[in-house]
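Input: a single structure, listed below in structure tokens.
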Amino acid sequence: MQALDETAIAQFQRDGYHIARGLFAADEIRLIVDAFMDLNRDGPVEGLSETSGWGGKYDASDPLSFYPRMMQPHRHLDRPVGPLARRYMLDARVGETLGQLMGDEPVAAQSMFYFKPPGARGQAAHQDNFYLKVKPGTCMAAWTALDDANEANGGLFVVPGTGDADIVCPSEADSKSYF
């Protein structure tokens with residue numbers, strides 16, 4: 001792991017995000033994808049898959065009804081994805097990168113696995129800290145794209161410079177586009 005240069009840290013402090021391209025090798029990404037796809041091959045996994053979207057149960061026509069996000073997989077050490085999720089959640093490359101950006105040692109709080117089936121709704125714009133309720137300035141998400149992610153297929157978007165903005169109560173999202 002190489003130290004981030006001053007330019008990268010200054011960009012993070014100004015804009016509130018950092019892109020660590022290539023942090024994981026292609027074979028590591030394939031391992032993660034294969035493990036989660038295999039576990040979900042028959043649909044949602046009892047006790048791990050979130051089977052109700054915001055505002056109620058997923059409609060059967062919704063691609064997310066078969067591929068809902070998996071919540072806290074790192075806690076499920078009895079399943080193949082558990083140790084894998086924990087390993088990458090606590091990976092030194094992630095920790096060192098976050099530590100350099102935060103100026104402090106990070107503490108892992110949660111993990112999720114999002115499937116991106118074709119035609120699925122995306123996650124509405126939100127502030128993670130509204131839900132996590134941690135001391136301001138100490139909440140940072142590390143998001144790993146496991147497949148190509150861009151504007152056309154629903155990649156992550158951020159609003160530069162809003163990392164220190166006040167917490168805003170979320171408004172209801174358009175349920176046809178977002179969950």
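Side-chain atoms are counted along with the backbone in the values below, which use heavy atoms only and exclude waters and symmetry mates. Residues: numbered from 1 along the sequence shown.
- Under the 4.5 Å side-chain contact rule for hydrophobic residues, Met102 and Leu23 share a cluster.
- Criterion: ILVMFWY side-chain heavy atoms under 4.5 Å apart, direct or through other members. Under it, Ile32 and Val94 are part of a common hydrophobic cluster.
- Remark: Asp27 CG to Asp34 CG distance equals 11.0 Å, nearest 0.5 Å.
- For Ser111, the side-chain hydrogen bond (donor to acceptor under 3.5 Å, both in side chains) criterion is met by His74, not counting sequence neighbours.
- No option in Asn40, Leu64, Leu39 other than Asn40 meets the side chain to side chain contact (heavy atoms under 4.5 Å, CB included) test with Ser49.
- Ion pairing between a basic and an acidic side chain is recognised when a charged N comes within 4.0 Å of a carboxylate O; Asp38 and Arg41 show such pairing.
- A search for ring-ring contact (aromatic ring centres under 6.0 Å, His included) contacts involving Phe36 returns Phe113, not counting sequence neighbours.
- In this structure, CD on Glu46 lies 8.0 Å from CZ on Arg79, to the nearest 0.5 angstrom.
- Contact check for Met70 versus Val45: side-chain heavy atoms found under the 4.5 Å cut-off.
- For the atom pair Asp91 CG and Arg86 CZ, the distance stands at 14.5 Å (nearest 0.5 Å).
- If you take CD on Gln72 and CE on Met89, they are separated by 7.0 Å, rounding to the nearest 0.5 Å.
- The two atoms that bring His76 and Pro83 nearest to each other are O-CD, 4.3 Å, heavy atoms only.
- Glu105 contributes atom CD, which lies 11.0 Å from atom CD of Glu96 (distance to the nearest 0.5 angstrom).
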Exercise. Mind running side chain to side chain contact (heavy atoms under 4.5 Å, CB included) on Leu48 and Val81 for me, showing each step along the way?
Key: CA-CA 10 Å; Leu48 184 57; Val81 298; 3.9 Å; yes
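- Residues Ile29 and Tyr67 are members of one and the same hydrophobic cluster, defined by side-chain heavy-atom contacts under 4.5 angstrom among Ile, Leu, Val, Met, Phe, Trp and Tyr.
- The shortest distance between side-chain heavy atoms of Leu84 and Leu31 falls below 4.5 Å.
- For CG of Asp148, the number of neighbouring non-hydrogen atoms (other residues, nucleotides, ligands) closer than 6.0 Å is 12 at most.
- Applying the ring pair (Phe, Tyr, Trp, His ring centres under 6.0 Å) rule to pairs touching residues 6-29 yields Phe24-Tyr88, sequence neighbours excluded.
- Both Phe66 and Val33 are assigned to one and the same hydrophobic cluster, defined by single-linkage of ILVMFWY side chains at heavy-atom distances under 4.5 Å.
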